[in-house]
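These notes are about the structure you will find just below.
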Amino acid sequence: MESNKKRGNSFKGIQAAGWVIIACFIVAVLIYHFVFGNPANFMNNDPNNHPLPGNFLGTIYKGGVIVPVIQTLLLTVLTLSVERFFTLRAAFGRTKLVKFVEQIKEALSKGDLDKAQAICDKQRGSVANVVSATLRKYREMEVATDMTKDQKILAIQQELEEATALELPMMQQNLPIIGTISTLGTLMGLLGTVIGMIRSFAALSAGGGTDSVALSTGISEALINTAFGILTGALAVISYNYYTNKIDKLTYSLDEVGFSIVQTFAATHK
C-alpha cells in the first residue's frame with residue numbers, strides 16, 4: 001500500500017495528448033491572426049498589402065493557412081517535450097541513476113535488503129518502484145518452502161519483468177506523437193512550399209503582366225512554410241532521439257539492478 005501511494009504521487013505526465021494538440025491549434029490560430037496578422041505589421045495597416053520592410057511577423061503571416069497548421073505541430077512538440085522532461089525526471093528519481101544503482105548493488109553485496117529498500121524509498125521514481133517490487137518478491141521467495149531454487153529465481157525475474165512492463169508505458173507515453181511530427185512537420189512544410197510555388201507561377205502566367213503582389217506572396221508562402229516545416233521536424237527529431245536515449249539508459253539500469261538481485265539470491269540460497 002505504501003509503495004502504491006508513492007507511485008501514485010509521482011508525476012505521470014499528460015495522458016490526454018489530443019487535448020494538447022487542440023489547445024496548441026487554438027493558440028496557433030490566435031497567434032496567426034492577432035500577432036502575425038496585426039494590421040500594424042503591414043503597409044497602410046492592411047494585411048492584404050506587403051509587410052512593412054523588415055517586419056518578420058508580417059512576412060510569416062504571408063505564409064498562408066499552412067502556417068497555423070505547422071505552428072500547431074511546433075507548439076505540440078515543445079509542449080510534449082517539456083512534459084516528457086518532467087515525467088522522465090520523476091521516473092529517474094531524486095538522485096542520479098548511476099549513484100542509485102551503485103548503492104543498491106553495494107547493499108545487495110552485503111545482503112542488506114533493508115538498506116536496499118530504504119534506498120528505494122528515498123529515491124522514488126519508476127526505477128525505484130521496479131527495484132522495490134523485485135525486492136518484495138525476493139523476500140517472499142526467501143520464506144517460500146514449496147518451490148525449488150530455480151523456480152524462485154524465475155519468480156523474481158518474472159516480477160522484475162512485470163514491474164518494468166508496468167512502468168515503461170508511462171515513460172514512453174507521447175513519444176510516438178513527437179516521432180510522427182518529426183516527419184509530418186517536414187511534409188506540411190513541403191505542402192506549403194508547393195502551394196506557394198503554385199501561386200507564384202499562377203501570378204507569372206496571369207494575363208496583362210506579372211502581378212508582383214501575388215508573385216511575392218506566393219514566394220513568401222513557399223519560403224516561410226519551408227522554414228517552419230524544417231524547424232518543426234528538426235526539433236521533433238532532436239526531442240524524440242534525446243528522450244528515447246534517456247529511456248534506454250533507464251532500462252539498462254533496471255536490467256543491471258535486476259541481474260544483481262537475481263545473482264545475489266542465487267549465490268546466497270540453496
Side-chain angles (χ1 to χ4, degrees), residues 13-14 17-38 40-42 47-88 172-204 211-248:
I14 298 175
W19 289 108
V20 173
I21 297 175
I22 293 173
C24 288
F25 175 73
I26 294 173
V27 172
V29 171
L30 292 176
I31 292 175
Y32 177 73
H33 284 290
F34 297 106
V35 179
F36 299 152
N38 190 325
N41 296 326
F42 304 90
N48 293 319
N49 290 334
H50 287 293
L52 292 172
N55 190 298
F56 187 64
L57 297 181
T59 304
I60 294 177
Y61 180 80
K62 289 300 181 181
V65 295
I66 298 296
V67 170
V69 176
I70 300 177
Q71 194 177 11
T72 298
L73 299 177
L74 178 60
L75 291 174
T76 301
V77 169
L78 294 176
T79 303
L80 294 183
S81 295
V82 172
E83 178 265 346
R84 284 294 89 194
F85 173 80
F86 287 106
T87 301
L88 290 181
Q172 296 173 336
Q173 185 175 271
N174 295 331
L175 280 182
I177 296 176
I178 296 177
T180 300
I181 292 177
S182 66
T183 301
L184 188 59
T186 305
L187 290 177
M188 293 305 298
L190 179 60
L191 176 61
T193 301
V194 172
I195 294 175
M197 295 308 298
I198 289 175
R199 292 188 178 182
S200 298
F201 286 117
L204 286 173
D211 186 344
S212 61
V213 174
L215 177 60
S216 62
T217 299
I219 294 176
S220 295
E221 185 169 348
L223 297 179
I224 287 298
N225 287 313
T226 300
F228 259 111
I230 293 175
L231 174 63
T232 301
L235 289 178
V237 169
I238 293 171
S239 176
Y240 182 82
N241 289 335
Y242 174 76
Y243 290 119
T244 299
N245 182 258
K246 295 274 286 185
I247 293 173
D248 289 342

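No hydrogens, no waters, no symmetry mates; every other heavy atom, side chains included, goes into these values.
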Please report, to 0.1 Å, the donor-acceptor pairs under 3.5 Å made by any side chain of residues 22-31, with sequence neighbours excluded.
none

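- Of the inter-residue distances, the one linking Phe42 atom CZ with Thr59 atom OG1 reads 8.0 Å to the nearest 0.5 angstrom.
- The side-chain contact (heavy atoms from CB on, under 4.5 Å) search around Asn38 returns Ala40, Asn41, not counting sequence neighbours.
- A search for side-chain hydrogen bond (donor to acceptor under 3.5 Å, both in side chains) contacts involving Thr186 returns nothing, not counting sequence neighbours.
- Residues satisfying the ring-ring contact (aromatic ring centres under 6.0 Å, His included) test with Phe228, not counting sequence neighbours, are none.
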Would you give me the side-chain donor-acceptor pairs under 3.5 Å for residues 73-82, sequence neighbours excluded?
from	atom 1	to	atom 2	distance (Å)
Thr76	OG1	Thr72	O	2.7
Thr79	OG1	Leu75	O	2.8
Ser81	OG	Val77	O	2.6
Ser81	OG	Ser239	OG	2.7

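- When every heavy atom of Asn174 is checked against every heavy atom of Ala17, the shortest pair comes out as OD1-CB, 3.4 Å.
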**OP:** Tell me, with the steps shown, if Asn225 and Leu191 meet side-chain contact (heavy atoms from CB on, under 4.5 Å).
**Re:** CA-CA 8 Å; Asn225 287 313; Leu191 176 61; over 6 Å; no
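- In this view, Ile230 and Thr226 satisfy the side-chain contact (heavy atoms from CB on, under 4.5 Å) rule, not counting sequence neighbours.
- Between the side chain of Thr232 and the backbone N or O of Gly229 there is no donor-acceptor pair closer than 3.5 Å.
- Classified by interplanar angle (parallel below 30°, tilted 30° to 60°, perpendicular above 60°), the ring pair Tyr32/Tyr61 is parallel.
- Nearest heavy atom pair, residue Arg84 against residue Gln172, reads NH1-N, 4.1 Å.
- Between the CG atom in Leu88 and the OH atom in Tyr243 there is a gap of 7.0 Å [rounded to 0.5 Å].
- Put simply, CG on Leu231 and CD on Gln71 are 11.0 Å apart, with the number rounded to the nearest 0.5 Å.
- When all heavy atoms of Pro47 and Gly37 are compared, the closest pair comes out as CG-O, 3.8 Å.
- We find the OG1-CG distance between Thr244 and Asp248 to be 7.0 Å, quoted to the nearest 0.5 Å.
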